[in-house]
Student: 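Take a look at the following structure, please.
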Amino acid sequence: PQQQQQQQQQLSQQQDFDPVHRFKMLIPQLKESLQNVMKIASLNLGHNTAIDNGIKSSDTSVQRFDKSLEEFYALCDQLELCLRLAYECLSQSIDSAKHSPNLVPTATKPDTVQTESLSYAQYLGMIKSQISCAKDIHNALLECSKKIAGKGQTQGIM
């Protein structure tokens with residue numbers, strides 16, 4: 001029973017961090033918030049119409065439209081963040097699958113050969129290209145830092 005409870009807690013925590021799950025959880029709240037915005041807008045419109053026609057005075061209190069609209073926009077912002085995060089996760093996953101090495105069969109475990117595994121020569125080629133790319137990035141960052149340091153020194157002289 002305790003192990004099952006721990007598994008449920010872990011699953012719950014994973015779902016809290018899962019942007020797609022969070023998005024699905026926010027949709028009903030968004031629908032409810034939109035209904036509330038429409039209801040308050042309708043009531044306020046009816047109230048203002050009655051005031052304009054001289055039927056009611058403006059003493060009576062009405063619900064604030066701006067508060068309900070603000071709540072709706074806050075939920076929209078949360079949904080947007082969830083979608084952006086989900087997109088970033090997907091992009092990271094695609095990039096990882098694209099640039100990460102697949103399994104390389106070894107002499108001790110020849111049974112690990114899979115259809116997507118690389119030959120050793122392919123693996124070496126991929127590693128060399130990754131090293132080359134890392135060196136290019138390193139050199140670009142060094143060049144940028146030198147330019148920035150150079151600009152700081154020339155400004156300090158003036």
Student: When you measure from the side chain of S132 to the backbone of K128, do you find a donor-acceptor pair of N or O atoms at a distance under 3.5 Å?
Tutor: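 Not confirmed, S132 side chain does not pair with K128 backbone.
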Student: I need the S91 OG to D95 CG distance, nearest 0.5 Å.
Tutor: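 Nearest 0.5 Å value for the OG-CG distance: 6.5 Å.
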Student: Say you draw a straight line from CG of L69 to OG of S33; how long is it, rounded to the nearest 0.5 Å?
Tutor: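 These two atoms lie 8.5 Å from each other.
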Student: Run the salt-bridge test on K67 and E71 with the 4.0 Å N-O cut-off and return the result as yes or no.
Tutor: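 Answer for the salt bridge query: no.
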Student: Going from CD1 on I27 to CZ on R22, what distance comes out if it is rounded to the nearest 0.5 angstrom?
Tutor: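 Spacing of CD1 (I27) from CZ (R22) equals 11.5 Å.
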Student: Find the distance between OG (S68) and CD (Q35) and round it off to the nearest 0.5 Å.
Tutor: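 Here the rounded value is 12.5 Å.
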Student: Between F23 and L34, is there a shared hydrophobic cluster once you connect ILVMFWY residues whose side-chain heavy atoms come closer than 4.5 Å?
Tutor: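 F23 clusters together with L34.
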Student: In the single-linkage hydrophobic clustering (I, L, V, M, F, W, Y; side-chain heavy atoms under 4.5 Å), do L79 and L90 co-cluster?
Tutor: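 No; tracing contacts between hydrophobic side chains, which count when under 4.5 Å, never links both residues.
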Student: Is there a path of hydrophobic side-chain contacts, each under 4.5 Å between heavy atoms of I, L, V, M, F, W or Y residues, that connects Y87 with L85?
Tutor: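 No: no chain of side-chain contacts under 4.5 Å links Y87 to L85.
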Student: Quick one: do R84 and E88 make a salt bridge, cutoff under 4.0 Å?
Tutor: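 No.
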Student: Under a single-linkage definition using a 4.5 Å side-chain heavy-atom cutoff for Ile, Leu, Val, Met, Phe, Trp and Tyr, are L75 and V20 assigned to the same hydrophobic cluster?
Tutor: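 Result: no, two separate clusters.
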Student: Looking only at heavy atoms, which two atoms of A41 and F65 are closest? And how far apart?
Tutor: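 Minimum heavy-atom contact is CB-CE1, 3.6 Å.
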Student: Taking C-beta and beyond as the side chain, do H138 and L141 meet within less than 4.5 Å on heavy atoms?
Tutor: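 The answer is no; the side chains never approach within 4.5 Å.
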Student: Examine distances only and state if a side-chain atom of N44 and a backbone atom of Q63 form a donor-acceptor pair shorter than 3.5 Å.
Tutor: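 Yes; at least one donor-acceptor contact below 3.5 Å.
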Student: Determine the minimum heavy-atom distance between C82 and P19, stating which atoms define it.
Tutor: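 Closest approach of C82 to P19, heavy atoms only: O-CB, 3.3 Å.
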Student: When rounded to the nearest 0.5 angstrom, what is the spacing between CG in L81 and CG in L26?
Tutor: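 The CG atom of L26 is 10.0 Å from CG of L81, to the nearest 0.5 Å.
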Student: Distance from I40 atom CD1 to D66 atom CG, nearest 0.5 Å?
Tutor: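 Output value for this atom pair is 9.5 Å.
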Student: Hydrophobic clustering (ILVMFWY, side-chain heavy atoms < 4.5 Å, transitive) - are I137 and I131 grouped together?
Tutor: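 Hydrophobic grouping puts I131 apart from I137.
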